[in-house]
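One structure is given below, encoded as structure tokens.
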Amino acid sequence: YNMNITDYHFDAFVENFFVSCELMESEASAVQDAAEVLGHVRKDITSGCTVRLEVARKRVESAGTDGLYEAVGGEDGLKLFMDKLYEHICVDSRIQHYFSGSKLDALKASQGQYLSVIFGAPITYTGRPLDRVHAVMSISDFEFDCFLEHAQSSLRDVGADSNSIDEAIVIMETARRDVLINRKPHDVRKTQEAASAKTVYERVGGDSGISSFVELMYEKATADVRTKSFFEKNKARVTAHKKRIVLYMTGIFGGMSTYDNSDLRPAHYESNITDYHFDCLMELIREVLKEHGKDVAVISDVLIRLQPARADVTTGFTVRMEVARKNVEKGKDGMFQRLGGMAGLDSLIEALYKVAWADARIKDLLMKDIAIIKAGQGAYIGELLGGPKSYKGRELVVVHKSLGINDYHFDCFLADLARAMMGLGHPEAMINEILVSVEPSRAAILGHSRGNGDVELSRDGVLLIDRFGGDGNVEAVVESMFDRCLEDTRIRFHFERTKSKQRQIRRQFCNYLTGCFGGLNTYDLSGLRKAHYNVNITDYHFDVMTRLFLDAAKYIGVDKGARQDAMLVLSKSRPDITTGCAVRLELAYKKQALKGADELFQRLGAFEGLMAIIDRMFECVERDKRINLFFEGTKLIAIKKSTSEYIMFVLGGPNDYQGRSLQEAHSVLQVTDYHFDCFLQNLNRAMGDLGCSTDAVDDATVVLEPLRFQVLQTHYEKNVY
């Protein structure tokens, strides 16, 4: 009778009960009988609250709240009530995170003023509207009920009678809608299914399932010419390699593991693993899971959990090759001279053939007419590196057509070339530049560049563009995908543009896909990398975008096979879209590790310069309607102070920050990737306004970007990202 259980709460309980019965496949007649029983007990459970609060509501309507204010003791009583209330809520683990930090006194004063007014005090509330105050939070009914529970206890503590307590609860209840401004419809089925769902680790078969899966994956990877060169090792190394893969997968799939994920990047940094190789491995993993009888949902979850490894596995090669490519673009004349001219080239070819002759993987390809082959290769490589144009042989595709050379052989040749140059003492930068210069000959030797031909644009004589449903379906999918991107906070920042710019991007994307799918090609692919180079699009963003593309294609009704082929086509644009960000940030990471944070601090103008940047940033933030909700109200001064101290510290300045951890400070806020990206954009804008170089902006972004996970950790956990 004295519990505040309403029909709303009872209905929520009943809904959960029936969904549980459905998931447990309970007998229909038993469920029907249970429904009748629950119907009979409703009145006994809810009538106490209904009657008490209805009587209190009528008293308030007829007599007003003046009597309530006096009943709780007027100004002194309200102050004592707030003290008692905060004693309770600050030790309640269910809601204490909303009431902590340096801004607690300001929060308590503002909340006390609001409650005084609604209880009938002759004063005016001067704070922000309740819905705006809570618009940046994600408070649930449960948490609001916990607060009301403590309010009820605190009123009792200060001597309020039961009628006054009921009146107070009725009045506070009217604030629920404004406080729960971000309340989302509760999906009972989804919640219960998630609570009882098995982890990916369990769904792939635990330790034995993962071990079996890795064995077959390794077998396929060593047989596939695209990945073979990375998995061929001696027996002992193969065993150790498999063990590490099993440990890594066990951990990311939700099992117990001793693998340190921070080892992943260093372990692969010097390997020449590209996005192409990573995609090939994902393809092999998909095949293995299918052969193990795993359904589409399990396969999808496995691939999603493996995707974050892409950046750690491929970044080393991506950065080295991109730096080398930019150096090569400046001209090859100097490269040939740095190699040592003709004498240096002759030494390199001799060293290369010594290494290749000892390499059982490609030795047989060099056994016939070795003197002629060596001379021809020397002349051709010399031209590639900026030497004299002395190659007089046939076209490469004709020369190599009958030899059965594939990607595996070419990768082995490049590895031997790098090993020969290292043996001659050439610097790493020089080796990378030469590898970049030789790589384009892959297309001439194999008849295709790396990765081309893997996607069958035509199946049974039908082009992918037609299997996808033609230009109309491409346009419909792009429209649907774009709308989804604008709603998804993980990627919204990169798609939120003016309407005219959005139309332009959609049109360009349609033209790009149409051409890639085998239709009329009106998109200049050479501009793809340049258009995205200075945009901070990571593999994380690319994966979200491709997932949304798949969802849109499925929604439009595109055939499953066409969707899969379309995804393979899309994956080939990944390097052009993500390389710029990966390279810029990796180079900034290296600089930070080499020179330390103090160097950046001094470059930004030390304390005075950095404070000017922070002040300018807050000027931008306060005018930015996307995020200024987080930076206003009675706590603004405290927020500015703590944020400034933290940014000053992480960018190399003095450590005066005494606040909570970033996760704790942001755990109660409705902050997303979108908001974090907007905040960084304002910081970058402030740095640009004050004359900071592009390098300095990149360096600052590198330092601040790792804070994303700390700021958004609670958000990621709630949304299972």
Side-chain angles (χ1 to χ4, degrees), residues 214-235 237-239 241-242 245 267-268 270-288 310 313-314 316-318 320-321 351-368 370 373-374 376-377 380-381 384 396-422 431-432 434-456 568 571-572 574-575:
V214 170
E215 283 290 335
L216 184 53
M217 179 204 75
Y218 215 98
E219 181 182 321
K220 285 182 175 291
T222 51
D224 193 306
V225 296
R226 302 169 299 174
T227 55
K228 184 177 179 181
S229 63
F230 299 102
F231 287 84
E232 270 191 332
K233 305 177 187 299
N234 61 49
K235 190 174 182 180
R237 289 190 66 192
V238 166
T239 302
H241 196 201
K242 288 179 181 177
I245 295 174
H268 295 87
E270 299 302 325
S271 302
N272 292 335
I273 301 175
T274 67
D275 282 298
Y276 166 68
H277 296 117
F278 191 89
D279 286 333
C280 291
L281 187 60
M282 292 299 102
E283 182 185 323
L284 297 178
I285 288 172
R286 185 190 298 273
E287 290 178 11
V288 170
R310 179 188 296 272
V313 172
T314 64
F317 177 81
T318 299
R320 295 197 313 276
M321 292 302 105
L352 169 62
Y353 269 77
K354 284 182 181 179
V355 174
W357 191 253
D359 188 342
R361 302 172 299 177
I362 60 174
K363 178 182 177 180
D364 291 346
L365 298 173
L366 306 172
M367 295 185 69
K368 293 182 179 180
I370 187 167
I373 294 174
K374 187 190 292 187
Q377 281 190 342
Y380 184 80
I381 291 175
L384 285 179
L396 295 190
V397 68
V398 176
V399 173
H400 298 89
K401 188 173 183 179
S402 62
L403 298 179
I405 295 175
N406 54 40
D407 280 304
Y408 169 66
H409 300 122
F410 195 87
D411 287 334
C412 294
F413 177 82
L414 289 183
D416 289 345
L417 178 60
R419 195 171 296 121
M421 293 190 69
M422 282 189 281
I431 296 173
N432 289 334
I434 288 181
L435 292 179
V436 164
S437 300
V438 174
E439 173 62 40
S441 62
R442 180 189 299 264
I445 291 172
L446 305 183
H448 65 81
S449 57
R450 176 147 53 194
N452 281 4
D454 292 339
V455 183
E456 292 185 43
L568 290 174
S571 70
K572 300 191 183 308
R574 181 189 294 268

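Everything quoted here is computed from the prediction, not taken from an experiment.
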Taking every heavy atom of Val438 against every heavy atom of Phe410, the minimum-distance pair comes out as O-CZ, 4.0 Å
Check your understanding: Do Glu439 and Arg442 pass the salt bridge (Lys or Arg N to Asp or Glu O under 4.0 Å) test, and can you show the C-alpha distance, the side-chain angles, and the key distance before you say yes or no?
Key -> CA-CA 6 Å; Glu439 173 62 40; Arg442 180 189 299 264; 2.7 Å; yes
Between Asp416 and Ala356 the two heavy atoms that sit nearest each other are OD2-CA, 3.7 Å
Separation between CG (Leu365) and CD1 (Ile373), nearest 0.5 Å, reads 8.5 Å
CD1 of Ile434 to CG of Leu384, rounded to nearest 0.5 Å, is 10.5 Å
Closest non-hydrogen atoms of Ala221 and Leu284, given as atom of the first, atom of the second and distance, are CA-CD1, 3.7 Å
Scanning both residues in full, the closest heavy-atom pair of Trp357 with Lys363 reads O-CD, 3.2 Å
- Task: Verify the ring-centre separation between Phe317 and His277: is it less than 6.0 angstrom?
- Result: no
inquiry  = Between the side chains of Lys228 and Asp407, is the shortest nitrogen-to-carboxylate-oxygen separation below 4.0 Å, so that they form an ion pair?
reply    = no
Scanning both residues in full, the closest heavy-atom pair of Arg320 with Ser271 reads NH2-O, 3.6 Å
Rounded to the nearest 0.5 Å, the OG1 atom of Thr222 sits from the OH atom of Tyr408 at a distance of 10.0 Å
Output for pair (Leu417 CG, Met422 CE), nearest 0.5 Å, gives 10.0 Å
Interatomic distance, CZ@Arg310 vs NE2@His268, rounded to 0.5 Å, equals 13.0 Å
In this structure, CD of Glu283 is separated from NZ of Lys220 (nearest 0.5 Å) by 10.0 Å
Practice item. Tell me, with the steps shown, if Phe413 and His409 meet side chain to side chain contact (heavy atoms under 4.5 Å, CB included). Key: CA-CA 6 Å; Phe413 177 82; His409 300 122; over 6 Å; no
* **Derivation of the side chain to side chain contact (heavy atoms under 4.5 Å, CB included) call for Leu281 and Met217** => CA-CA 8 Å; Leu281 187 60; Met217 179 204 75; 4.2 Å; yes
> Is there a side chain to side chain contact (heavy atoms under 4.5 Å, CB included) between Ile405 and Leu446 once you walk through the steps?
Replying inline: CA-CA 7 Å; Ile405 295 175; Leu446 305 183; 3.5 Å; yes
In short, Cys280 meets Thr227 closest at the heavy-atom pair CB-CG2, 3.8 Å
Checklist entry - For Lys354, does the NZ atom sit with more than 12 other heavy atoms under 6.0 Å from it, leaving out its own atoms? => result no
Item to check | Main-chain N/O of Leu396 paired with His400 side-chain donor or acceptor, under 3.5 Å | outcome: yes
Any Lys/Arg nitrogen of Arg226 or Asp411 sitting under 4.0 Å from an Asp/Glu carboxylate oxygen of the other? no
